[in-house]
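As the structure lists them, so they are numbered: ligands from 1, and atoms in each ligand from 1. What's counted below: heavy atoms across the whole structure, side chains too, no hydrogens, waters or symmetry copies.
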Amino acid sequence: MDFEMSPAARAMTDRAEAFFQARILPRHRDWHQAVVREGRPAPFLPALQDEARAQGLWNLALPLLRDDEPGTRLSNLEFAPVAEILGRLPWGSQVFNCQAPDVPNMAMLQALATPAQREEWLNPLLEGKIRSAYAMTEPDTASSDATNIATRIDFGTGPDAGTITLNGRKWFATGGAHPDCKFLIVMGVSDPEASRTERQSMVIVPTDTPGLTLERELSFMGWRDHVAPIGEFTLRDVRVPVENLIGARGQGFRGAQVRLGPARIHHCMRCVGMAEMLVAQMIARARERSTFGQSVIDYDTVQGWIAEARVEIEMVRLFVHKAAAMVDAAGGQGGGRDVWRQVSMIKIATPRMLQTIADRAVQVFGAMGGVEETLIHHAWSYARWFRIGDGPDEVHLRQIFRTEPAPDWSIADCPYIAHPALSHATEGALP
Ligand SMILES: Cc1cc2nc3c(=O)[nH]c(=O)nc-3n(C[C@H](O)[C@H](O)[C@H](O)COP(=O)(O)OP(=O)(O)OC[C@H]3O[C@@H](n4cnc5c(N)ncnc54)[C@H](O)[C@@H]3O)c2cc1C
């Protein structure tokens, strides 16, 4: 498999790095002050987005971007190093309109939206004018099994034909609590009598629809997603036109898969960037402190942690690039069983790597490592939630096990065991 970047992809990465260093990173303290401390939008962000867009650094995470859609089309593999750069900061991806959950939502709408839905919802997202959220998880059902989802999606009949009514509760809808979030993509049960994977539909619910209530913004272990604040919602007799159905009725489970591939792979790419950023900070911090007459960087333990981090990052980066190349080979989005298996595997390996490195970074920083202002807090929280969000580890491990090729021999016939302790031949002879 060839992971060598094309000259065009290398040039794009260089441009993204230059833009990040010159225009994004120097504003990080201003962003933190406005968004995190004062809870208001960063005033400079729209101008920065315009600047990025003018330089072709826009919508880089959509490999199936059409010629008439704004932005620059990159393959998944080409996007990987750019995503790493942007992932170093919580808000980096937003500058290039590459942030979650809007990118996976856009990818799904590209695949499934009607022309009218494209016009009303996809195009403003591509322009960065609005934000969106995906609402599958429910407080009352074990949502790692999407077939458990209980929110009702009822298609009207008679005089009500043409209307869909939704009732239920949703939580952990990332981005749903952002003031610019204009619609939720709600997954619910439309056909309870159908088979397990054909009961669900997905519907676009504008956030100003009567009956839809944002109950509160959620944090996860004290961490708030400032770029895409997480919302909890109730839906009480929420009525939308039947034209808001995404894809075919009863095909919501299948349709949701379209967004999961990009969602997972992009989070992994960002995690690699965060891990790089943490290693750089660990070195800087350890170099500047001394204890018991010795620089902290000179302790074997700290050197070992940094070296271990390097090994882990390189392994995961290659792993993620392989997944990206496989998704590209499968057409840029989705793919068959092998592709899903690969994406599940990086989804397991990547947050573990980041969480481990973040944990060591806390240790190197001492008390400062746990302060919210450091990006260690952000990286650790990101890694931890990513082991649950988009499918908990255990669900992915189960899938990986199920697709693990099994040998066609038993231990008694195992060609690798020269002297079996117990074989069929000896078994019968035992007293
Ligand atoms: C920060 C954050 C952001 C999120 N963003 C979104 C979003 O934008 N939209 C959205 O819809 N959801 C979102 N989620 C929700 C997330 O997808 C769910 O939390 C996840 O699918 C698990 O569902 P659950 O919380 O109901 O856990 P449950 O389904 O109750 O599962 C609990 C635990 O059971 C165990 N388990 C489950 N299945 C198996 C199995 N097959 N084998 C072994 N053990 C198993 C696992 O340990 C699992 O963690 C987000 C979550 C977080 C934390």
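- Side-chain contact between R131 and Q99: present, with at least one pair of heavy atoms (C-beta onward) separated by less than 4.5 Å.
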Any protein N/O atoms within less than 3.5 Å of an N/O atom in ligand 1? List the atom names and distances, or say none.
residue, atom, partner, partner atom, Å
ligand 1, 5 (N), F172, O, 3.0
ligand 1, 5 (N), T174, OG1, 2.7
ligand 1, 8 (O), F172, O, 3.4
ligand 1, 8 (O), T174, N, 2.9
ligand 1, 8 (O), T174, OG1, 3.2
ligand 1, 9 (N), Y134, O, 2.8
ligand 1, 9 (N), F172, O, 3.2
ligand 1, 11 (O), M136, N, 2.8
ligand 1, 11 (O), T137, N, 2.9
ligand 1, 11 (O), T137, OG1, 3.1
ligand 1, 12 (N), T137, OG1, 2.6
ligand 1, 12 (N), F172, O, 3.4
ligand 1, 23 (O), S144, N, 3.3
ligand 1, 26 (O), S143, N, 2.9
ligand 1, 29 (O), S143, N, 3.2
ligand 1, 29 (O), S144, N, 2.9
ligand 1, 29 (O), S144, OG, 2.5
ligand 1, 31 (O), S144, OG, 3.4
ligand 1, 41 (N), R398, NH1, 3.4
ligand 1, 47 (O), E394, OE1, 2.9

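- Taking the six-membered ring for Trp, H267 and W385 have ring centres closer than 6.0 Å.
- Taking the six-membered ring where the residue is Trp, the centroids of F183 and W121 are separated by under 6.0 Å.
- For the residue pair S190 / Q200, no side-chain donor-acceptor distance below 3.5 Å is found, with atom types taken as modelled.
- In terms of modelled atom types and a separation under 3.5 Å, the side chain of S143 and the main chain of E138 share a donor-acceptor contact.
- A donor-acceptor contact closer than 3.5 angstrom is absent between the side chains of S201 and R249.
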